[in-house]
Amino acid sequence: MKLKQRRIAIFVPHQGCPKDCVFCNQARITGQKREEPLTEEQVRTTIEQHLSTIEEDAQVEIAYFGGSFTGLPRLYQKMLLEVAKEFIDAGAVHGIRFSTRPDYITETIMEFLIPYGVRVIELGTQSLDDNVLVLSQRGHTAKQVEKAVDIIRKYPTVQVGLQLLPGLPGDSREIAMETIRKVLALQPDFVRIYPALVITGTELEWMYRTHQFTPLSLDEAVDWCAEMWLQFMKAGIPVIKMGLHPSEDLREAGTIVAGPFHPSFRQLVEAKLFGNMLDELFQKDSFEEIQSITIHPADETGFRGTKGLNWRKWRNHRSLVPNLLFDPTLERYHLRVQRKDGRQHQYSLTDII
């Protein structure tokens, strides 16, 4: 039986960051301000409140997000880690995860972190193209990302994830796909993909308003991310998040100035991939020869597509329509096709060429 995974997210917004990248306004993204350091009491209370609502048999992580954790003052890091370690020692929490900059990882830093139960480190990679990194004022290079991953890999109890922001200044589809090729070579345990948005109060907003930067359209972002996700699927690397999940502050009118924001962005990408898969399937096989198509229930929205377009596209031009069936034991992003002659085949999104 698969363990229930639960996460207690504690935001340390913008703390530990040396400066603002052109796209960043963490106070807006997280709903907290840079000058609000957490107290020991706040951290402990937050953890206790969350634990009171989490199933006893769940595997729980404490996640410090929003800033560059290993860039925080060492005493502040120590306090955050020690509070979390209390709950690990008590058996209530499995481990700690956090996000940080690639240039804020060294072997000395890792030796400091390991005893506290750090199990996952996410690196704010954004791109592996040095020109994109310079234009975004990241302050680190692609080589430093590779070095950070190599250092973390020396500690087998720690997983490493990479956060990517396609569509930054200087980016293109070709450059973004080259970044994916390089990421695949690094073999992270997982990735997150956040298409770049123009947030109010950022330098990127000024670049946008002075016509120095054009964000991706929603359709472009969906197309790019569909191709990226497909490559990660084929490599067996999970994409655990796609598209920014907004805080209440981020949902305020005027906060997102421009860019490919959609509250269900991942579903749009799923719909794109399922649409491509159906196109390919029905080019190979006659629609009328298929008796039924079975999918996992959680894939229904993506399979049918936005406003049901994927399925209606084929139904509207055929007199005989296959039955759509659901099987919770079927692997996600797979189809089981039953033909009228008795033949049965299974396809996955990774079969898309």
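All of these numbers come straight from a predicted model, not from anything done at the bench.
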Judged by modelled atom types alone, do Thr108 and Thr106 share a side-chain donor-acceptor pair under 3.5 Å? no
If we count only N and O atoms by modelled type, under 3.5 Å, do the side chains of Thr100 and Thr70 hold a donor and an acceptor together? yes
Of all heavy-atom pairs linking Lys241 and Gly243, the shortest is CE-O, 3.4 Å
Are Ile114 and Val158 packed together at the side-chain level, in the sense that at least one heavy-atom pair is separated by less than 4.5 angstrom? yes
Using a 4.5 Å cut-off on heavy atoms from C-beta on, say whether the side chain of Glu300 contacts that of Phe326. yes
Please determine whether residues Val149 and Val118 belong to a single hydrophobic cluster, defined as Ile, Leu, Val, Met, Phe, Trp and Tyr linked transitively by side-chain heavy-atom distances below 4.5 Å. yes
Suppose we screen for side-chain hydrogen bond (donor to acceptor under 3.5 Å, both in side chains). Which residues come up paired with Lys78, at least two apart in sequence or across chains? Glu82
Going by heavy atoms in the side chains, are Leu38 and Ile10 under 4.5 Å from each other? yes
Donor on one side chain, acceptor on other, Gln291 and Gln338, under 3.5 Å: no
Assess whether side chain to side chain contact (heavy atoms under 4.5 Å, CB included) is satisfied between Val239 and Met233, documenting all intermediate values. CA-CA 8 Å; Val239 177; Met233 278 191 206; over 6 Å; no
With no hydrogens and no angle check, is any side-chain donor or acceptor of Thr45 less than 3.5 Å from a backbone partner on Gln42? no
Taking atom types as modelled and ignoring hydrogens, do the side chains of Gln212 and Thr210 form a donor-acceptor contact shorter than 3.5 angstrom? yes
Where Met242 and Cys225 come nearest, the two heavy atoms and their spacing: SD-CB, 3.9 Å
The reported gap from CG in Leu123 to CD in Gln144 (rounded to nearest 0.5 angstrom) is 11.5 Å
In Å, rounded to the nearest 0.5 Å, how long is the span from OG1 of Thr301 to CD of Glu270? 8.0 Å
NE2 (His296) and CD (Glu331) are apart, to the nearest 0.5 Å, by 9.5 Å
Check: Thr329/Asp327 side-chain N/O donor and acceptor closer than 3.5 Å: yes
Distance col, row Leu113:CG vs Leu81:CG, nearest 0.5 angstrom, shows 6.5 Å
Walk me through it: do Phe65 and Phe69 pass the test ring-ring contact (aromatic ring centres under 6.0 Å, His included)? CA-CA 8 Å; Phe65 285 140; Phe69 188 87; over 10 Å; no
Starting from Phe112, can I reach Val120 by hopping between I/L/V/M/F/W/Y residues whose side chains sit under 4.5 Å apart? no
Under the criterion side chain to side chain contact (heavy atoms under 4.5 Å, CB included), I'd like the reasoning laid out for Ile151 against Lys147: C-alpha separation, chi angles, the key distance, then a yes or no. CA-CA 6 Å; Ile151 290 172; Lys147 182 179 179 181; 4.1 Å; yes
Donor-acceptor list for residues 84-93 side chains, cut-off 3.5 Å, not counting sequence neighbours:
| from | atom 1 | to | atom 2 | distance (Å) |
| --- | --- | --- | --- | --- |
| Lys85 | NZ | Asp89 | OD1 | 2.7 |
| Lys85 | NZ | Asp89 | OD2 | 3.3 |
| Glu86 | OE1 | Arg44 | NE | 3.3 |
| Glu86 | OE1 | Arg44 | NH2 | 3.2 |
| Glu86 | OE2 | Arg44 | NH2 | 2.8 |

Are side-chain heavy atoms of Leu186 and Leu128 found at a separation under 4.5 Å? yes
Has the side chain of Ser52 got a donor or acceptor atom that lies under 3.5 Å from a matching backbone atom of Gln49? yes
Which residues end up grouped with Leu330 if you chain together Ile, Leu, Val, Met, Phe, Trp and Tyr wherever their side-chain heavy atoms are less than 4.5 Å apart? none
Distance check, rounded to the nearest 0.5 Å: Gln77 atom CD versus Met79 atom CE? 11.0 Å
Side-chain H-bond candidate by donor/acceptor type, Glu280 with Tyr347, under 3.5 Å: no
Counting C-beta onward and ignoring hydrogens, is there a side-chain heavy-atom pair between Arg336 and Gln344 closer than 4.5 Å? yes
Reported CG-to-CD1 distance for the pair Leu244 and Ile193, which is rounded to 0.5 angstrom: 13.5 Å
With sequence neighbours left out, write down each residue that passes ring-ring contact (aromatic ring centres under 6.0 Å, His included) with Tyr333, or none if nothing qualifies. Trp229
Does the pair Gln187 and Ile237 meet the rule for a side chain to side chain contact (heavy atoms under 4.5 Å, CB included), with working shown? CA-CA 8 Å; Gln187 285 293 296; Ile237 297 173; 3.9 Å; yes
Sub-3.5 Å donor-acceptor pair from the side chain of Asp351 to the main-chain atoms of Ser348, do we have one? yes
Say whether Ile290 and Ile295 are linked into one hydrophobic cluster, either directly or through other cluster members, by side-chain heavy-atom distances under 4.5 angstrom. yes
Side chain proximity check, Phe23 to Glu205, heavy atoms < 4.5 angstrom: no
Do any side-chain atoms of residues 160-173 form donor-acceptor pairs under 3.5 angstrom with protein atoms, and if so which ones, sequence neighbours left out?
| from | atom 1 | to | atom 2 | distance (Å) |
| --- | --- | --- | --- | --- |
| Gln163 | NE2 | Glu122 | OE1 | 2.9 |
| Asp171 | OD1 | Ala176 | N | 3.4 |
| Asp171 | OD2 | Gly167 | N | 2.9 |
| Ser172 | OG | Ile175 | N | 3.1 |
| Arg173 | NE | Glu227 | OE1 | 3.0 |
| Arg173 | NH2 | Glu227 | OE1 | 2.7 |

Using a 3.5 Å distance criterion without hydrogens, assess whether the side chain of Thr125 forms a donor-acceptor pair with backbone atoms of Ser127. no
Write down the atom of Ile256, the atom of Leu197, and the distance for their closest heavy-atom approach. CD1-CD1, 4.3 Å
Sub-3.5 Å donor-acceptor pair from the side chain of Asp130 to the main-chain atoms of Ala142, do we have one? yes
What about Phe303 and Leu268, same hydrophobic cluster or not, with Ile/Leu/Val/Met/Phe/Trp/Tyr joined at side-chain heavy-atom distances under 4.5 Å? yes
Would the distance check show the side chain of Asp299 and the main-chain N or O of Arg332 forming a donor-acceptor pair, the cut-off being under 3.5 Å? no
Decide salt bridge (Lys or Arg N to Asp or Glu O under 4.0 Å) for Asp341 and Arg339; before the verdict, give the C-alpha distance in whole Å, the side-chain angles of both, and the deciding distance to 0.1 Å. CA-CA 5 Å; Asp341 62 7; Arg339 292 178 174 81; 5.8 Å; no
Side-chain contact, heavy-atom cut-off 4.5 Å: Arg101 with Arg138? yes
Below 4.5 Å, heavy atoms only, C-beta onward: do Arg7 and Val60 meet side chain to side chain? no
Using the rule given for side chain to side chain contact (heavy atoms under 4.5 Å, CB included), can you reason through Leu72 versus Ser68, listing the C-alpha separation, both sets of side-chain angles and the distance that settles it, and then say yes or no? CA-CA 7 Å; Leu72 297 171; Ser68 294; over 6 Å; no
Side chain of Asn310, backbone of Phe274: donor and acceptor closer than 3.5 Å? no
Is there any ring-ring contact (aromatic ring centres under 6.0 Å, His included) pair reaching into residues 171-216, and which pairs are they, with sequence neighbours excluded? none
Check the pair Phe98 / Tyr64 against ring-ring contact (aromatic ring centres under 6.0 Å, His included), numbers first and verdict last. CA-CA 5 Å; Phe98 61 76; Tyr64 291 115; 8.1 Å; no
Going by the side chain to side chain donor-acceptor pair (under 3.5 Å) test, name the single residue among Gln59, Glu61, Glu55 that passes it with Arg6. Glu55
Can you get from Leu135 to Leu204 by hopping between Ile, Leu, Val, Met, Phe, Trp and Tyr side chains that sit under 4.5 Å apart? no
